[in-house]
Amino acid sequence: MNNLEKSVDEETTKGEKKDLSSAVLETEPSDSGMAAASATDGVAATALRSVIQRIEHAAERCGRRSDQVRLVAVSKTKPVSLVKQVYDAGHRCFGENYVKELIEKAPQLPDDIEWHFIGNLQSNKVKPLLTGVPNLAMVETVDDEKIANQLDRVAGNIGRKPLKVFIQVNTSGEETKSGVEPDGCLELVKHVTSNCPNLEFCGLMTIGMPDYTSTPENFKTLARCRSEVCEALGISEDQCDLSMGMSGDFELAVEMGSTNVRVGSTIFGAREYPTKQSN
């Protein structure tokens, strides 16, 4: 069975590496089954299936297995009812950008969801995030030693299992973007792996350009950072995820080696911002 079509169990490790199939998932494999499901499910569930198919095709074009790519369904600003619709379609991996929104949503949804925090994280919001979301699976936006130290301290104090993290890299050079500069990536990774025992370094992440797309050069830069990190740490590249690709560019990202794509509006529809959110 294609791992895109399996349900997600609780995170497990195999050789210290999580099976990425646990988050891309999880719909009925047959075309007739998909058509029937589309007729009865909502728009978001149908859109999820379309994104999964596009990931599969992108992977095929570059000779990769689709179960090597995790799909994070980004539900920021969307109601719990819409998240539940995608959950009921079989998906288990969701992403949120705002601490307040995530700690409000998470208790209203099943606890087997794997939440990824993908927004800018302030130090004073780390404790509310970790204590308010026990099933927080990953923080993708560690961009300096201060936030790494705070995550490590809080994770240790509350006694949770080591928190998986990505190091965010600013590959576009935009001043408005968070992320460590590419030439500082290795140093930050070494800090996490050497000084943060309650964090588990899992890979690198980058955010697209203002229109939510990235040029191939951005993706190449992140891949070069991974090569440098893996050589320095003495690990294989398949032990270091690349989180790159969003609604506008996830297929290109898959073709260029992404193992973690963050897709929001293509699944859930255009976002609405009734009030200014704060982290």
Side-chain angles (χ1 to χ4, degrees), residues 2-6 8 20-27 34 38 41-62 64-80 82-98 101-102 105 109 113-119 137-141 166 168 203-216 218-219 222 241-273:
N2 189 321
N3 281 330
L4 283 168
E5 295 148 356
K6 292 170 64 180
V8 173
L20 295 183
S21 67
S22 66
V24 182
L25 357 212
E26 287 129 342
T27 56
M34 181 174 290
S38 297
D41 289 350
V43 173
T46 302
L48 170 73
R49 294 185 176 91
S50 174
V51 168
I52 289 172
Q53 285 188 328
R54 290 168 65 184
I55 291 172
E56 290 175 332
H57 294 158
E60 289 172 3
R61 287 194 295 270
C62 60
R64 300 179 64 199
R65 300 195 321 271
S66 55
D67 65 358
Q68 295 175 313
V69 185
R70 177 191 296 112
L71 170 60
V72 181
V74 181
S75 50
K76 74 174 180 180
T77 79
K78 296 302 176 180
V80 167
L82 203 56
V83 180
K84 188 63 164 56
Q85 180 189 130
V86 174
Y87 175 92
D88 288 343
H91 203 68
R92 294 295 180 270
C93 187
F94 293 84
E96 287 287 345
N97 290 64
Y98 305 117
E101 185 174 358
L102 178 51
K105 282 181 179 176
L109 289 158
I113 286 179
E114 299 178 358
W115 289 107
H116 284 220
F117 186 78
I118 62 172
M138 174 105 48
V139 172
E140 296 201 18
T141 49
F166 288 160
Q168 182 178 349
L204 308 176
M205 177 267 210
T206 197
I207 293 177
M209 304 294 280
D211 60 350
Y212 299 103
T213 63
S214 291
T215 66
N218 297 146
F219 295 153
L222 198 67
D241 285 343
L242 290 181
S243 177
M244 57 189 196
M246 301 166 71
S247 282
D249 58 10
F250 69 88
E251 288 159 300
L252 173 63
V254 170
E255 293 175 7
M256 297 189 67
S258 178
T259 60
N260 189 89
V261 295
R262 311 177 306 273
V263 180
S265 58
T266 301
I267 296 173
F268 292 102
R271 297 187 179 104
E272 300 177 2
Y273 297 91

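Just so you know, residue 1 is the first one in the sequence shown, and it goes up from there.
- Partner of Phe268 under the side chain to side chain contact (heavy atoms under 4.5 Å, CB included) criterion, chosen from Leu48, Val86, Val263: Val86.
- Every side-chain hydrogen bond (donor to acceptor under 3.5 Å, both in side chains) that Thr266 has, sequence neighbours left out, goes to Ser247.
- Contacts of Ala58 classified as side chain to side chain contact (heavy atoms under 4.5 Å, CB included), with partners at least two apart in sequence or in another chain: Arg61, Glu251, Val254, Glu255.
- Ring geometry, Trp115 versus Phe94: the interplanar angle falls from 30° to 60°, so the pair is classed tilted.
- No side-chain heavy atom of His116 sits less than 4.5 Å from a side-chain heavy atom of Arg262.
- For Glu140, there are no salt bridge (charged side-chain N to carboxylate O under 4.0 Å, His left out) partners, not counting sequence neighbours.
- Judged purely by atom type and a 3.5 angstrom limit, Gln85 uses its side chain to pair as donor or acceptor with the backbone of Ala44.
- Taking the side chain as every heavy atom from C-beta outward, Ile207 and Ile118 never approach each other to under 4.5 Å.
- Panel note: side chain Lys76, backbone Gly119; no donor-acceptor pair is recorded below 3.5 Å.
- Residues Phe117 and Asn97 come closest through the heavy atom pair CZ-O, 3.2 Å.
- Residues satisfying the side chain to side chain contact (heavy atoms under 4.5 Å, CB included) test with Ala253, not counting sequence neighbours, are Phe219, Met244, Ser258.
- Put simply, CE on Met138 and CZ on Arg70 are 5.0 Å apart, with the number rounded to the nearest 0.5 Å.
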